[in-house]
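Take a look at the structure set out below.
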Amino acid sequence: MLKLLSGGRLLPNCKSNYFPKPFCSIRYLHISSYSTVPNYIQISSNESGSNDQGIDIDLLFHSSTNAHLAKCLHALLIVLGKVQSLFISTRLLNLYSNLGLEWDVFVAASLVHMYCRFGLFDAAYQIFTNMPYRDMGCWNAIISGFCQNGKGEKALEVLDEMKLEGIKMDSVTVSTILPVCAQLDDMVQGRLTHLYVIKHGLEHDLFVGNAFINFYAKFGEVEHAQKVFDSMVIRDLISWNSIIAAYEQNNNPDYALNFFNKMQMDGFKPDLLTIVSIASSIAQSRDSQSSRCVHGFIQRRCWFEKDVIIGNAVVDMYAKLGDADSARKLFDKILLKDVVSWNTMITGYGQNGLANEAIDVYHTMVEIEHVTPNQGTLASILPAYAHIGALKEGTTTHGRVLKTGQLLDVFIGTCLIDLYGKCGDMEDTMKLFYEVPKTSSVPWNAVISCLGIHGHGETSLKLFRNMLDDGVQPDTITFISLLSACSHSGLVEQGEWCFNVMQNDYGIKPSLKHYGCLVDLLGRAGQLEKAYNFIKNMPLQPDASVWGALLGACRIHGNADLGKLASDRLLEVDPDNVGYYVLLSNIYANAGKWDGVNRVRSLANSKGLKKTPGWSSIEINNKMEVFYTGNYSHPQCDQIYEELENLMTKMKILGYIPDYSFVLQDVEEDEKQHILISHSERLAIAYGIINTPARTPIRIFKNLRVCGDCHTATKFISRITEREIIVRDSNRFHNFKDGVCSCGDYW
DNA sequence: GTAGGGTTAG
């Protein structure tokens, strides 16, 4: 039995909410008596009883002939969830004014809040402005109503209104608006609020403190968050969770784990949200061992069944640790998956280079499980399409999701820029770029990088200047994109300029990736000694990418001695990468040092190196075909090899000589020729020639770099077939036409 | 009427 007072307050279980979940249980309520005793209504809870449909609201309105009855009716309507209707609320207003009643502040404030919850902001504001007087609760009700329902700007307007009326914020107001300041990126407002809080002695309020920890964390100011945490007189679990999340979200997993221990020493037991942050911290600190502990911890408490969020967090943890299999196993065990679960799994596969698996999961999600994809889904699946060059499939998916009412935001916009750019469509890339909001560096970085892989280094630099003119702060990735763009276009001076500007003007310390780019830049341009000296003077320990850049440059410029040196270092840091053996063998071969070639070959063979399987893909009639090197299982296999043999004959007439230094296997020459023509890019090209009309362009995607022999061969093929052949490999674009490549053999 | 969470771009 529930008892409702005329003010509308629901008595039992009335925690801090005015009307706790009035709508959830409404099915089981029916009115046992509409009391004529004017100060309460009785409602009995009866699960098998009738629902509210038997209530004659018209009759109730007509019978409400005095103030008490009007308030009872009002309360009843709130409990029944009827006040969400503007029609009913207008009738209520009329009833109140007909009876000469003022709005009850308490009811009105609750109504305001409820309207906001249903997105009826105008109605809420209307009631609010019509209130005869407003106490603190009213102001907080409308402000929090707006805040929690995505109307942050509106909330701040009301806050200004409140200040104009000379009303001071209390701790509730402060805790309400801080998340909004963070969401609106309004650091200034938050800082001013902090001053206000100190001035008015609100800083020791628990809610205020917690809100500030989260506020500063969102702006990356962990030190401030820490100061707030330190100064707190009382701390609760939320305070601890907030400081742990602050470190976790600002890439300081060690501190997060540290506070996790401290918190337990202080006698606080972690809850679900603590563990969510800890799972993410473990992923960041790449601590595979602890990942199992967390998994066990959750399992022992049966928290996987409690809330889907924890399962999602652990799936994400495994995926980020590179363990896609464990992620999938857990994912399959989540019974009630939500859209984030699917997105996490798709992203997880994508981040581990398993684009096809990611696409499979997406299809299961949409076609079998009928889950409606959201923006996060697009942001997860589009990079997977970009990875294998599935432009048509990507854009079709994008179109389909748009139909479900999703808008183009910065995330999706940037994914699309990347997709179009990586698939070679620079025109659409630029079109999109101009449509996307460009307040952060991310879309700029994407377009700079895409222009770079197309060899438009000058345009990349121009966009960089535009970016600075627009007042957008460049970050480390901006400079990686720029340096690699300069490198692809041979813009040595400009690249060096970028490297200096990055450090001197933006205080960004170069990472190994930056060093790798610069070595690549100098090396490709033939300044091998300079590149080598540069490596020797690096303050960081050079890794495989740095030495690999030097080795690649040595191959281009035929420097066997430096190449040997670079590969020796490489075999120390990354001994199992077969690509380096191929490069070195090729360097020796070009220099005519056949004993060197043999040495490298036998070394590679003795190690029994597992190659990264090379694959190339081509999209024909909206369908992706993926060819692995040496594939013989394709239905058109015979036709493909026949085509390649035919081409080989014609190529040889035109002067093509196969370059066997790219073949590491120790086999006869015939066999070597066969190995070369079964490289995945050639299979894909032949498949394209067979299945598309004559003289139309062919677009190929390759996961590794195009080998030197295939590069030469493709030039001949483009001449023989009179086709434009566009190959995007892991490094850049090659546009073959009339026997030449756009990269000018500079790659 | 108030504070904390998982996925998402280069």
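Convention: sequence-line order gives letters A, B, ...; per-chain numbering from 1.
Looking only at atom types and distance, the side chain of A:Thr347 has a donor-acceptor partner in the side chain of A:Ser380 under 3.5 Å away.
At the heavy-atom level, A:Asp475 lies under 4.0 Å from base atoms of the strands shown. Across all strands, A:Ser441 comes closer than 4.0 Å to base atoms (heavy-atom distances). Contacts of A:Ser481 with the nucleic acid, taken as non-hydrogen atoms under 4.0 Å apart, are absent.
Residues from residues 314-323 of chain A that place a heavy atom under 4.0 Å from any atom of DNA chain B, listed by number: A:Asp316, A:Lys320.
Under the side-chain contact (heavy atoms from CB on, under 4.5 Å) criterion, A:Asp271 pairs with A:Leu237, A:Asn241, A:Leu273, A:Thr274, sequence neighbours left out. Evaluation of the side-chain contact (heavy atoms from CB on, under 4.5 Å) rule for A:Leu468 yields A:Phe464, A:Pro474, A:Tyr506 as partners, not counting sequence neighbours.
A:His194 and A:Phe215 have their aromatic ring centers separated by at least 6.0 angstrom.
An OP1 or OP2 oxygen of B:dT2 is reached within less than 4.0 angstrom by a side-chain nitrogen or oxygen of A:Gln148.
A donor N or O paired with an acceptor N or O is found under 3.5 Å between the base of B:dG5 and the side-chain atoms of A:Asp307. Not a single donor-acceptor contact under 3.5 angstrom links the side-chain atoms of A:Asn214 to the base of B:dG5.
Taking every side-chain heavy atom of A:Phe207 into account, B:dA3 is the closest of B:dG4, B:dA3, B:dA9.
Rounded to whole angstrom, the span from the CG atom of A:Asn343 across to the C1' atom of B:dT8 amounts to 7 Å.
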